[in-house]
Amino acid sequence: MDIASPLLVLLFLLFNKKEIKGGFKWFVYYLLSIFLFSAITQIFDILNKHKTSNLLFYHFNCIFFVFLLSKYFDFCIKSKASRILDVVFLVPFIILSLLNFIYLKRTFTIYGLTSIWVSIKCLSFYEKKLSSPTRENILESRNFWIFSGLFLYFSVTFIIFITYDFLTIGYLKGNYDWIGNLWKIHNGILFLSCLFYIKAIKCKE
Amino acid sequence: MQGISGDFIIVLGGTTLLLCIFGFIFYFVIAYNKRYRKYEAEKVEMRKQFELEKLQSQLEIQEQTLKNISGEIHDNIGQILSLVGLEISTIPTENTEKINHTSELLDRAIADLRNLSKRLDTDRISSIGIIEAIKHEVKLLERTGTFATELTVDADLEMLSPDKTIILYRIIQEILNNIIKHSKATKITIHIWENDTEGVLTITDNGVGFDSAEKEGKGLGLNNILNRARLIGGSATIESHINKGTIITFRIPKK
C-alpha cells in the first residue's frame with residue numbers, strides 16, 4: 001500500500017497531463033521520492049533479508065523529504081514567522097539526525113520531528129488563509145487539498161513515528177502482529193492523504 | 001495490552017485522531033467559506049457601486065454636452081435662422097408664393113430647433129419640473145400624428161431633486177425614443193401617481209413587446225434604465241410579452 005498509494009497519485013497526474021510548475025513541482029518531487037523510497041526499501045529488505053540496518057537510508061530519505069517539502073512550503077507560505085519556524089526546526093533536526101545516527105539508532109525519531117514541523121506548517125497555512133482576504137473558493141484550491149493531505153498524514157502518523165521505536169524496543173519487541181497493525185494504520189492514512197492529493201491535482205492552480 | 005484489546009485500542013485511537021483531523025479541516029472549510037461568501041457579497045456590492053458612479057459620471061458629462069448643444073442651438077443657429085427669415089422677408093420679388101413657402105419652412109425649422117433646444121436644456125428642465133417636461137414630451141409625440149397619447153398626473157413627484165429630475169427625464173426620453181423606434185405601438189399611456197411611501201410612474205405601450213424574462217440582464221438599454229433608476233434611489237420593473245406591449249414602472253421613495 002505504501003508503494004501503491006503514491007504510484008496511484010503519480011499515474012493520475014500523468015494521465016491528467018497537468019502542468020507541473022512553481023511550488024507544485026516540489027510537491028510532485030516529494031510524491032515521487034515517497035514512491036521511489038518505498039520501492040527501493042522493499043527491494044533492499046528483500047535482497048538483504050533484514051541482515052543490514054537500513055537506518056542510513058531512512059535518514060537520508062527523511063532529510064530529502066524535509067528539503068523538498070521546505071521548498072514547496074516556501075512557495076505557499078511566504079511569511080517571516082514561517083521562515084523563523086524553519087530555522088528553529090532545522091537546527092535541532094540536524095543535531096538530532098546526527099546524534100540519532102551515531103548514538104541512538106532510533107529509526108523514526110527524526111520522522112516524528114519532521115511530522116511536528118509539517119503539522120505546524122499546515123496549521124500556519126490554515127491560519128494564513130483565514131487571516132488574509134479570501135479571494136478563492138477554498139474547495140477549488142490545489143494548495144488547500146495538498147496541505148490537508150499533508151496535515152492528515154503527518155499529524156496522525158506523528159503518533160506512530162514517535163511511539164514506534166519505543167513500542168518496538170520496549171513493549172512490543174518481537175510482537176510482529178502489533179507492528180504490522182501499526183503499519184496498516186500508517187498505510188491507510190497514506191492512502192487517505194493520497195486521495196486528497198488526487199483531488200488537488202484535479203484542481204486548477 | 002496485547003491481543004484483541006490492544007488492536008481495539010489502536011483502532012479506537014486511530015479513528016478518534018482521524019475524526020479530529022477531519023473535524024478540524026471541516027471546521028476550517030466552514031469558517032473560510034463564511035468569509036469567502038462575505039467577500040463575494042462585498043465584491044458584488046462594490047461592483048454595483050462602481051457601475052453607478054461610472055454611470056453618474058457619464059450622465060454628468062452627457063448633460064454638460066447637451067447643455068452646450070442646447071445653448072449653441074438657441075444662441076447661435078437659432079439667431080442666424082431668425083436673421084435669415086428677416087432677410088427673406090425683405091427680398092423684393094414677384095414670386096411671393098415661393099418666398100412665403102420658404103419662410104414657412106424656415107419658421108418650422110426654427111420652431112423645431114427651439115423645441116430641441118428646450119428638450120436638451122438641463123437648467124430649463126430642472127426649473128419647470130418633471131411633470132411639465134413630460135407634458136412637453138407628450139405634446140411633441142402627439143404632433144407626430146403617429147401615436148395616441150394619454151397622460152394622467154395624480155402626483156407632482158416633488159420629492160425629486162433637480163439632479164434626479166434630469167436623470168428621470170432622460171430615462172423617460174430614452175423609453176419614449178425606444179417606443180418610437182422599435183415598438184410599432186399606436187398608443188402610449190403615462191400615469192403618474194403616488195401612495196404613502198413612494199411616487200410611481202408607469203409608461204405603457206401597445207406595441208410588439210419582447211420577452212422581458214429572456215432579456216433580463218442581457219439588454220444594455222434595459223440595464224441602463226434599471227441602473228439609472230437605482231441611481232436616483234428608486235427601482236424600475238420592465239414587464240413585456242411578445243405582441244402584448246410593454247409596461248415600465250418606476251418607483252421613487254418619498255424619503
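Quick caveat, the model's predicted, so the values are computed rather than measured.
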Aromatic plane relationship, Tyr126(A) with Phe24(B) - under 30° parallel, 30 to 60° tilted, over 60° perpendicular: perpendicular

Test ring pair (Phe, Tyr, Trp, His ring centres under 6.0 Å) applied to Tyr197(A) and Phe12(A), step by step: CA-CA 10 Å; Tyr197(A) 303 149; Phe12(A) 187 80; over 10 Å; no

Verdict with supporting geometry, Phe93(A) and Phe89(A), ring pair (Phe, Tyr, Trp, His ring centres under 6.0 Å): CA-CA 6 Å; Phe93(A) 177 78; Phe89(A) 164 74; 5.1 Å; yes

Side chain / backbone / both / neither for Phe158(A) at chain B, heavy atoms under 4.5 Å: neither

Greatest number of heavy atom pairs closer than 4.5 Å to chain B - which of Ile185(A), Ile189(A), Asn137(A): Asn137(A)

Output field: ring centroids Phe147(A)/Phe27(A) closer than 6.0 Å: no

Engaged part of Ser131(A) at the chain B interface, taking heavy atoms whose separation is under 4.5 Å: backbone

Student check: side-chain heavy atoms of Glu51(B) and Arg230(B) closer than 4.5 Å: no

Toward chain B, the part of Phe144(A) with a non-hydrogen atom under 4.5 Å: side chain

Which portion of Ile138(A) sits near chain B, non-hydrogen atoms under 4.5 angstrom: both

